[in-house]
Amino acid sequence: MKQQDYIRTAEENLFHVYNRFPVVFDHGQGVHLYDTDGKEYLDAGSGIGVMALGYNDLAYNRILHEQVDRLLHSSNLYYTPQLAAASEAVTKATGMDRVFFTNSGAEAIEGALKTAKKHAYLRDPKARQEIIAMNHSFHGRTVGALSVTGTEHYRTPFYPLMDGVRYADFNDLASVEAQIDDGVCAIILETVQGEGGVVPADRDFLRGIRRICDEHDILMIIDEIQCGMGRSGKMFAYQDYGVRPDILTTAKALGLGLPVGAFCVRQELAETSLIPGDHGTTYGGNPLVCAAVTASIHLMRQRRIPEHVTELSPYFESMLQKMADRYDFITSCRGVGFMRGLVTTLEPRLVAARALEEGLVILTAGSDVIRMLPPLIFEEKDFDVLEEKLIHVFNSFC
Ligand SMILES: Cc1ncc(COP(=O)(O)O)c(C=O)c1O
């Protein structure tokens, strides 16, 4: 079948909720994707940060194949060896004490919010349980996660959402302080805002949030669904800031393509929040995704992926800086590790579409950012090809 035929069938049947690019992917290998006509694409998007070890990793695939043949699902009524191993791997990798497995990032946020609210409720059943979230944040599309997502146009069609959310400005401690009163039970933020435009938290800001939370007995929720799992050059980006959250969310690269997320909490909070009956999910933490989680953490450590990202991050950054110096329509570059953005006066979606013609997958963020989240196995030679392709793409806009 031709790509157009697949697209027509899909569009005749799917609920049209995404504006997809007209490409039909068939398979992937390493840092490349291939469409059904056999055209090769350099992937600088990783399926929005998921495919951190690239495509068709044989060691990872073998672990999944074995688990498919052994046991796919048994429910959260019981234990499995894979659940035990994954829970230990996640608490060690995150530096947190307890973990709950979810099926997506948004569900991890829901669990984090419920944990904070239950903690506040136990302290005072009349507590207002309000949450401070950041402008331009993105935490997901379910009702709770959407309620703390700081982009008005995502929320507007769905009011009334969850009550009691206030918004402050990212990297502006005074604007957070201005929102604090005794009704607030938690502050939620990303260490690096992803969808909002690839904006890392300033060191003083993240540490300031921790101080405010400690002073006012408020919980700090850090969302590393996009920036975690080695992408920043640390296993989790917050680990570079000298702070520890009360609740941490992760997903995306946690399962390297299998749908799994998690929220993790400190021990004291685990003892003073959710109890059996408060929360649950049928699939969450099934043996297949748990085998994937343990494998992804193990392979990242074994291959020293965070160290590799730290080593090559300046190479990536200086290549992007060259783009900003060379083209008037690129006004700056920003980001950390292998999570970077070019701020542009062009329409980012047009650039991403043009890149696909050039055999390059890139992403967008916000209204003015070209976002790149390459697989964490990118080598210098891959960044060189990325540079060449970007130059071709940008020259066509000159
Ligand atoms: C920081 C952040 N939080 C939450 C989410 C929601 O995750 P999911 O799409 O798996 O529900 C995303 C997705 O892009 C994200 O980037």
Side-chain angles (χ1 to χ4, degrees), residues 17-20 45-52 94 100-116 131 133-151 154-155 158 161-162 165 167 170-171 186-201 206 209 220-232 234 236-238 245 247-264 281 283-285 289 292-293 296 335-341 348 352 361-366 369 371-373:
V17 176
Y18 295 107
N19 285 320
R20 294 171 201 264
S46 307
I48 324 187
V50 170
M51 303 304 288
T94 57
F100 182 103
F101 289 109
T102 65
N103 310 293
S104 67
E107 280 177 70
I109 298 294
E110 297 291 334
L113 296 173
K114 279 180 74 177
T115 303
I131 312 272
M134 299 300 139
N135 286 317
H136 305 296
S137 62
F138 184 84
H139 298 292
R141 305 294 196 147
T142 54
V143 169
L146 189 59
S147 305
V148 291
T149 285
T151 304
Y154 288 149
R155 300 194 310 265
F158 303 104
L161 291 170
M162 187 179 83
V165 182
Y167 296 94
F170 193 64
N171 281 337
I187 300 176
I188 183 166
L189 75 169
E190 296 150 271
T191 315
V192 185
Q193 288 195 333
E195 305 295 316
V198 196
V199 186
L206 209 68
I209 296 283
M220 180 180 188
I221 306 173
I222 288 190
D223 177 356
E224 295 222 4
I225 286 164
Q226 188 164 150
C227 65
M229 291 298 291
R231 187 156 291 282
S232 69
K234 292 279 176 199
F236 286 88
Y238 86 83
I247 307 178
L248 177 79
T249 58
T250 170
K252 291 199 188 276
L254 182 65
L256 295 177
L258 286 204
V260 54
F263 62 97
C264 308
T281 166
Y283 288 128
V289 298
V293 166
S296 74
V336 294
F338 283 13
M339 178 173 184
R340 297 199 175 262
V361 177
I362 51 177
L363 306 168
T364 65
V369 174
R371 179 175 39 151
M372 278 162 264
L373 305 174

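Each ligand, and each atom within it, is numbered from 1 in the order the structure gives. Model, not experiment: these values are computed from the prediction.
Side chain of Glu224 to backbone of Met229: no donor-acceptor contact under 3.5 angstrom is found.
Protein residues having at least one heavy atom under 4.0 Å from any atom of ligand 1 are Ser104, Gly105, Ala106, Phe138, His139, Gly140, Glu190, Glu195, Asp223, Ile225, Gln226, Lys252, listed by chain and number.
Here Phe158 pairs with Leu146, Leu161 under the side-chain contact (heavy atoms from CB on, under 4.5 Å) rule; sequence neighbours left out. Every residue two or more places apart in sequence or in another chain that forms a side-chain contact (heavy atoms from CB on, under 4.5 Å) with Ala292 is listed here: Tyr60, Leu64, Leu258. Taking Ala352 as the reference, Phe21, Ile362, Thr364 meet the side-chain contact (heavy atoms from CB on, under 4.5 Å) condition, with sequence neighbours excluded.
Between Ile221 and the options Ile247, Leu248, Thr115, a side-chain contact (heavy atoms from CB on, under 4.5 Å) holds for only Ile247.
Residues Glu107 and Thr281 form a side-chain contact, since some pair of their non-hydrogen atoms from C-beta on lies under 4.5 Å apart.
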